[in-house]
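Just so it is clear, the values below take in all heavy atoms, side chains as well, and ignore hydrogens, waters and symmetry mates. By convention in this document, chain letters (A, B, ...) are assigned in the order of the sequence lines, proteins followed by strands, and residues within each chain are numbered from 1.
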Number of protein chains: 2
Amino acid sequence: MTTTYTISQLSEQFDLTSRTIRFYEDQGLLTPERAGTKRIYHDRDRVRLRLIMRAKRLGFSLSEIRETFGLYDSASGETGQMKFVLDVIAKRRAVLQQQQEDILHVLQDMQNVEQRILDKMQTLDSDENVAESVQS
Amino acid sequence: MTTTYTISQLSEQFDLTSRTIRFYEDQGLLTPERAGTKRIYHDRDRVRLRLIMRAKRLGFSLSEIRETFGLYDSASGETGQMKFVLDVIAKRRAVLQQQQEDILHVLQDMQNVEQRILDKMQTLDSDENVAESVQS
DNA sequence: CATGACGTTTACGTAAACGTCAACATCGCC
DNA sequence: GGCGATGTTGACGTTTACGTAAACGTCATG
């Protein structure tokens, strides 16, 4: 028993609109089965959607994602093709490593700002206490 | 002696077009000094540009970046404002952590594909060697 | 059988992030 | 003072990733 999904089920599960899912199909990212006019989605479509959303969160464009799918599929080709894929992977890896570094930087910056704010709030609190003790 | 920069110097240093730099100014991300009609950039503008490009590599929109600058500046405000900033920081941090996780997933996927390709090339190599030894 | 609920295609709209002219000012320099 | 390099301000064009609306099919259900 292989479970299938309607477009609205998928859109609910992934918090996308059906419009978006159809758009992804237009862009060649999904190729659902058809029952006449209706679309029928399988688990492999959900896998793809997960990959799509991951890549999107990392800022990849839809065409880059489509290219990726094409690569993964063509990975069983001839030697030249395989070397090409290795090359693309190396470049993507470089981008991701850059992003990792960027994230660390930004996290650091945020922590600095946060700390300054917390310090400030601390001094404000103690000022308040001073005022209270004066009053009492 | 405070070094200053022209727009074309900056565009060269950061590998952006002057159009882009002016656009960032339109969006309120930069506020260079003016000498009549000409723009004069200082080191603080370069700092900002570095932050902008980092954020862009992580997929943040220009308006989010502008908002960030506003936050950092307003960090010395009143308590409510400061709590708000802390809240924004927390949300940003969540996004960045999600991205870190995503990156690890994608790196893992890429490594799997890479390994399969390398294996494939390995078997192809040994096939080739068999052919050679047959020939010799 | 009609009336939602759900699905489909087609097509135009839109916001973001610039690119690409055009038309003009400024500045150093020979 | 003419000329090329550099800079400026509009204004319109372009791509991406959908939103939105129109106009229609289909299927269960009261």
request  = Mark yes or no for whether A:Arg93, through its side chain, and B:Leu107, through its backbone, hold a donor-acceptor pair below 3.5 Å.
outcome  = no

ask   = Please give, in whole Å, the distance from C:dT20 P to B:Phe23 CZ?
value = 15 Å

ask   = Separation of A:Arg19 atom CZ from C:dC6 atom C1', in whole Å?
value = 17 Å

key: Side-chain donor-acceptor contact under 3.5 Å, B:Arg92 with B:Thr68   = yes

query = NA contact type, B:Arg22, heavy-atom cut-off 4.0 Å: base, sugar-phosphate, or nothing?
reply = base

ask   = When the nearest nucleotide of DNA chain C is assigned to A:Arg34 and to B:Leu62 on a heavy-atom basis, which residue is associated with the more 5' position?
value = A:Arg34

task = Decide whether a cation-pi geometry holds between B:Arg48 and B:Phe69; the criteria are a distance under 6.0 Å from NZ or CZ to the six-membered ring centre and an angle within 45° of the ring axis.
result = yes

ask   = The side chain of A:Lys38 lies closest to which of these nucleotides: D:dG25, C:dG19, C:dA17?
value = D:dG25

note = Separation of C:dT8 atom C1' from A:Asp26 atom CG, nearest Å, is 12 Å

message = Measure CD/A:Gln9 against P/C:dA5 and give the value in whole Å, please.
response = 17 Å

message = Tell me whether the side-chain N/O atoms of B:Tyr24 come closer than 4.0 Å to OP1 or OP2 in C:dC18.
response = yes

inquiry  = Taking 4.0 Å as the cut-off, does a side-chain nitrogen or oxygen of B:Ser63 come that near to OP1 or OP2 on C:dA16?
reply    = no

task = Give the rounded distance in Å between these two atoms: CZ of B:Phe60 and C1' of C:dA16.
result = 16 Å

query = Atom CD1 of B:Ile7 and atom C1' of C:dC18: how far apart are they, to the nearest Å?
reply = 14 Å

inquiry  = Output the rounded distance in Å from CD1 (B:Ile21) to P (D:dT6).
reply    = 15 Å

inquiry  = Over all strands shown, is A:Ser18 touching base, sugar-phosphate only, or nothing at heavy-atom distances under 4.0 angstrom?
reply    = nothing

inquiry  = On the nucleotide D:dG7, are OP1 or OP2 found under 4.0 Å from the side-chain N or O atoms that B:Ser8 carries?
reply    = yes

key: Spacing of B:Glu33 atom CD relative to D:dG7 atom C1', expressed in whole Å   = 16 Å

ask   = Judged by atom type as modelled, is there a donor-acceptor pair below 3.5 Å linking the side chain of B:Gln115 to the main-chain atoms of B:Asn112?
value = no

Which nucleotide in C:dA17, D:dG7, D:dT9 has an atom nearest any side-chain atom of B:Arg39 = D:dT9

inquiry  = In the structure I gave you, are the side-chain heavy atoms of A:Ile52 and A:Leu49 within less than 4.5 Å of one another anywhere?
reply    = yes

remark   = Walking DNA chain D from its 5' end, the first of A:Thr37 and A:Thr17 to be reached, judged by nearest nucleotide, is A:Thr17

note = From the candidates C:dT26, D:dC18, C:dG7, the one with an atom nearest any side-chain atom of A:Thr6 is C:dG7

task = Using modelled atom types only, decide if a donor and an acceptor are shared between the side chain of B:Glu114 and the backbone of A:Ile89 within a distance under 3.5 Å.
result = no

note = Within residues 44-56 of chain A, those residues having any heavy atom closer than 4.0 Å to DNA chain C are none

request  = Look only at the side chain of B:Glu64 and the backbone of B:Ser61, and say whether a donor-acceptor pair between them is shorter than 3.5 Å.
outcome  = yes

query = In chain order, what residues pass the side chain to side chain donor-acceptor pair (under 3.5 Å) check against B:Arg50, with sequence neighbours excluded?
reply = none

